[in-house]
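Read the structure below first, then the notes.
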Amino acid sequence: MSVAASARGGGGGAAKAARGGRFSAGRGVWGRRRAAVVLFLALAYAAALLVFVFGGGGGGGSAGGGAGLTVASLRRRRHGEPAPSTPPPPGSVYRSHIVFDRLLPEIRDDAAPSASVSTPSSWRRSMLMTSHHQNSGEVWMPCVNRRLIRSELPPSNGYLIVEANGGLNQQRLSICDAVAVASLLNATLVIPIFHLNSVWRDPSKFSDIFDENRFIETVGKHVRVVKELPEDVLLRFNYNISSIPNMRTKAYSSPHHYLHKVLPKLLELGAVRIAPFSNRLAQSVPSNIQALRCLVNYQALRFAEPVRLLAEDMVVRMMKKSSSTGGKYVSVHLRFEEDMVAFSCCTYDGGWKEKIEMENARERSWRGKFHRPGRVINPEANRRDGKCPLTPLEVGMMLRGMGFDHSTFLYVASGKIYNAAKYMAPLRQMFPLLETKESLALPEELAEFEGYSSRLAAIDYTVCVQSEVFVTTQGGNFPHFLMGHRRYLFGGNAKTIKPDKRKLVLSFDDPNIRWSQFKRHMQEILHHSDIKSIAFRKPNDSIYTFPMPDCMCQQDGI
């Protein structure tokens, strides 16, 4: 039994030993598996942490985007590249040159009316040159003289000296307002002094730009005007005009201000000075004062003879060149000079070279103005808001989209175009019959005006006034005065294209736009501009832009 028991016991120990061996082996396998799982989880955690840190963890995104962002981020960091930004809103970036290159073949093909149309090739332009929003049966005519009551002038209260600043039409505005203020004060106006502007750099005097004798004769029936201060007044101020008190006046001051602040000093001293004087009188003033403004702007201010004769001759030359369209031509005021591009703080396609040139131009003309604390410059926002000057390329594409074909006679009024060789070439491609004052006049004819920006602007002004269509591409006194002058001359309604640049830049910012779609957008902009062809002055509008009803009277049935 003992042997049997021993045998059973021995057999049981062997079995236990076998089971223990199997358990130990299984525990070793499980331990290894467990270690592998722990290592895998640790690696997964580390990978997730990297995704969170470098891939912008916490942000939403498509599945699998995190790993891609992580790799891209690491690559950018390794190469020192900036992180990608959100694409700017439509209209923010200058892509017009890209759109032009894509659409040029279609622009070339889209030239004239259909061959089935039997009318002359100028048919399309003639239709465009006729406003679709004229008031039938209503014609507005100048009537300034009827509104001015002429009477004997009372004794003068003293002398008014003003300093006109800015370019040609800012000077023009100052002169008109100076006559109005002299009338309010019953003062004798001294022919305005022209300030030498840091941008325009034109040393011209009044008589160099305007017909001084005509001005004095026309205005003298309502306000006394002298060419210079008399000897006794100069002696009183030691022959130094700077010694005459400067009555610094806020912009758009009311007649009440002049009567209660300036007049007492004028009566006390016999002479006062206001410098600078641009925009120093409110838009809304009594009707007799408004009439004086009209008289000065449209009758008294005639350009000096040398300027006038050349300008009128250039109008004749332009009409002869465009005789195939009945002497009709389109004028464009193109503001793409270096100072305008620099002042706008807009960017185009010139890269670093353009950036450096614009920075130098800003510093040269405005000395630190654009680097003052708190000043924020946002070229993209400027473009979206329609504040960027249109390039010649953009003007050409706009006009071609509106329906003006390659046979249109175009007169471009401008100063020296920035990077002209580059930017003017596309415009000339689209409008080969393009003229400027440099091409219309002989070099020797322009020689005496070189370096005098206001006199050159006066030549451009005259040619633009007589055009069938006037196109303005940027704000400023030149287009505002010109629009008003054309309304005054042409019965209250003259064809002017003033594009909505906020809408315009959307088409120029789309490299995939089709020509048919682009044209449709331009036609909509043209239609919107046409609606505003006849406009009346509102209380805070300028009389120099909107001469109706202050300077003109309605003639029913004429």
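No hydrogens, no waters, no symmetry mates; every other heavy atom, side chains included, goes into these values. Bear in mind that the values here come from a model prediction, so they are computed numbers and not experimental data.
Using modelled atom types, no side-chain atom of Arg214 and backbone atom of Ile216 make a donor-acceptor pair closer than 3.5 Å. No donor-acceptor pair under 3.5 Å is formed between the side chain of Asn165 and the backbone N or O of Pro276. Not a single donor-acceptor pair under 3.5 Å links the side chain of Gln299 to the backbone N or O of Val296. In terms of modelled atom types and a separation under 3.5 Å, the side chain of Glu338 and the main chain of Glu357 share no donor-acceptor contact. Judged by distance alone, with hydrogens and angles left aside, the side-chain atoms of Ser174 form a donor-acceptor pair with the main-chain N or O of Gln170 at under 3.5 Å. A donor-acceptor pair under 3.5 Å is formed between the side chain of Asp541 and the backbone N or O of Lys538. A distance-only check finds no donor-acceptor pair linking the side chain of Asn279 to the backbone of Ala251 [under 3.5 Å]. Panel note: side chain Ser322, backbone Thr325; no donor-acceptor pair is recorded below 3.5 Å. No donor-acceptor pair under 3.5 Å is formed between the side chain of Ser365 and the backbone N or O of Arg362. Side-chain N or O atoms of Glu337 include one that pairs as donor or acceptor with a backbone N or O of Gly415 at under 3.5 Å.
Checked by atom type, the side-chain pair His333/Thr472 shows no donor-acceptor distance below 3.5 Å. A donor-acceptor contact closer than 3.5 angstrom is absent between the side chains of Ser414 and Arg335. Under the 3.5 Å distance criterion, with hydrogens and angles disregarded, no donor-acceptor pair is assigned to the side chains of Gln517 and Arg514. Counting only N and O atoms by type, the side chains of Arg280 and Thr249 include no donor and acceptor under 3.5 Å apart. Side-chain contact of Asn493 with Arg487: a donor-acceptor pair under 3.5 Å is absent, judged by distance alone. Between the side chains of Tyr329 and Glu435, no donor-acceptor pair is found at a separation under 3.5 Å.
If you look at Phe409 and Phe431, their ring centroids are not closer than 6.0 Å. Under the 6.0 Å cut-off for aromatic ring centres, Trp140 and Phe490 do not qualify, their centroids lying 6.0 Å or more apart. Aromatic rings from Tyr348 and His97 are positioned such that their centres are separated by 6.0 Å or more. Ring centroids of His480 and Tyr544 are separated by 6.0 Å or more, keeping the two rings apart. Side-chain rings of Phe210 and Phe215 stay apart, their centers remaining 6.0 Å or farther from each other. Between Phe536 and Phe546, the ring centre distance reaches or exceeds 6.0 Å. The six-membered or imidazole ring of Phe100 lies away from that of Phe508, with a centre-to-centre distance of 6.0 Å or more.
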Original post:
How far apart are the C-alpha atoms of Arg384 and Val505, what are their side-chain angles, what is the distance that settles it, and do they pass the side-chain contact (heavy atoms from CB on, under 4.5 Å) test?
Top reply: CA-CA 7 Å; Arg384 289 196 305 274; Val505 295; 5.6 Å; no

**OP:** Applying salt bridge (Lys or Arg N to Asp or Glu O under 4.0 Å), run through Arg364 and Asp339 and close with a yes or a no.
**Re:** CA-CA 10 Å; Arg364 190 165 53 246; Asp339 67 284; over 6 Å; no

Original post:
Stepwise, does the side-chain contact (heavy atoms from CB on, under 4.5 Å) test hold for Arg147 with Cys553?
Top reply: CA-CA 10 Å; Arg147 293 186 172 179; Cys553 299; 3.6 Å; yes

**OP:** Apply disulfide bond (SG atoms under 2.5 Å apart) to Cys551 and Cys143, showing your working.
**Re:** CA-CA 6 Å; Cys551 309; Cys143 61; over 6 Å; no

**OP:** Output, in order, the C-alpha distance, side-chain angles, deciding distance and verdict of side-chain hydrogen bond (donor to acceptor under 3.5 Å, both in side chains) for Lys501 and Gln474.
**Re:** CA-CA 9 Å; Lys501 293 202 289 182; Gln474 185 73 3; 2.5 Å; yes

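The heavy-atom pair separating Glu394 from Tyr94 by the smallest distance is OE2-CE1, 3.4 Å. Of all non-hydrogen atoms in Ala458 and Phe303, the two that sit nearest each other are CB-CE2, 3.5 Å. The two residues Leu310 and Ala441 come nearest to each other via the heavy atoms CD1-CB, 4.4 Å. Contact between Ser507 and Val99 at its shortest, heavy atoms only, is O-CG2, 4.3 Å. Between Phe336 and Pro392 the shortest heavy-atom distance is CD2-CD, 4.0 Å. For the residue pair Gly386 and Arg502, the shortest heavy atom distance occurs at N-CG, 4.1 Å.
Looking at Arg293 and Asp550, no side-chain N of the basic residue comes within less than 4.0 Å of a carboxylate O on the acidic one, giving no salt bridge.
With a 6.0 Å radius and a threshold of 12 heavy atoms from other residues, nucleotides or ligands, Lys387 has its NZ atom at or below the threshold. Under a cut-off of 6.0 angstrom, the local environment of CD in Glu363 is crowded, with over 12 non-hydrogen atoms contributed by other residues, nucleotides or ligands. The neighbour count for Tyr452 OH, taken as heavy atoms of other residues, nucleotides or ligands under 6.0 Å away, does not exceed 12. In the displayed structure, Glu305 atom CD is contacted under 6.0 Å by at most 12 heavy atoms of other residues, nucleotides or ligands.
Under the side chain to side chain contact (heavy atoms under 4.5 Å, CB included) test applied with Cys294, the options Asn145, Leu148, Val144 reduce to a single match, Val144. The side chain to side chain contact (heavy atoms under 4.5 Å, CB included) test with Asn477 singles out one residue from Leu173, Leu482, Leu168, and that residue is Leu173. The residue from Asp509, Asp510, Asp101 that alone fulfils the salt bridge (charged side-chain N to carboxylate O under 4.0 Å, His left out) condition with Arg95 is Asp509. Evaluated for a side chain to side chain contact (heavy atoms under 4.5 Å, CB included) with Met430, the options Arg108, His406, Arg400 yield exactly one hit, Arg400. A ring pair (Phe, Tyr, Trp, His ring centres under 6.0 Å) with His485 holds for exactly one of Phe470, Tyr461, Phe478; it is Tyr461.
Separation of atoms OG (Ser529) and CD (Glu524) is listed at 13.5 Å; rounding is to 0.5 Å. Once rounded to the nearest 0.5 Å, the distance linking CG of Asn297 with CZ of Arg172 reads 4.5 Å.
Using a 4.5 Å heavy-atom threshold, the side chains of Ile513 and His521 count as touching. The closest side-chain heavy-atom distance from Thr496 to Arg486 is below 4.5 Å. Residues Ser96 and Met397 fail the side-chain proximity criterion, which asks for heavy atoms closer than 4.5 Å.
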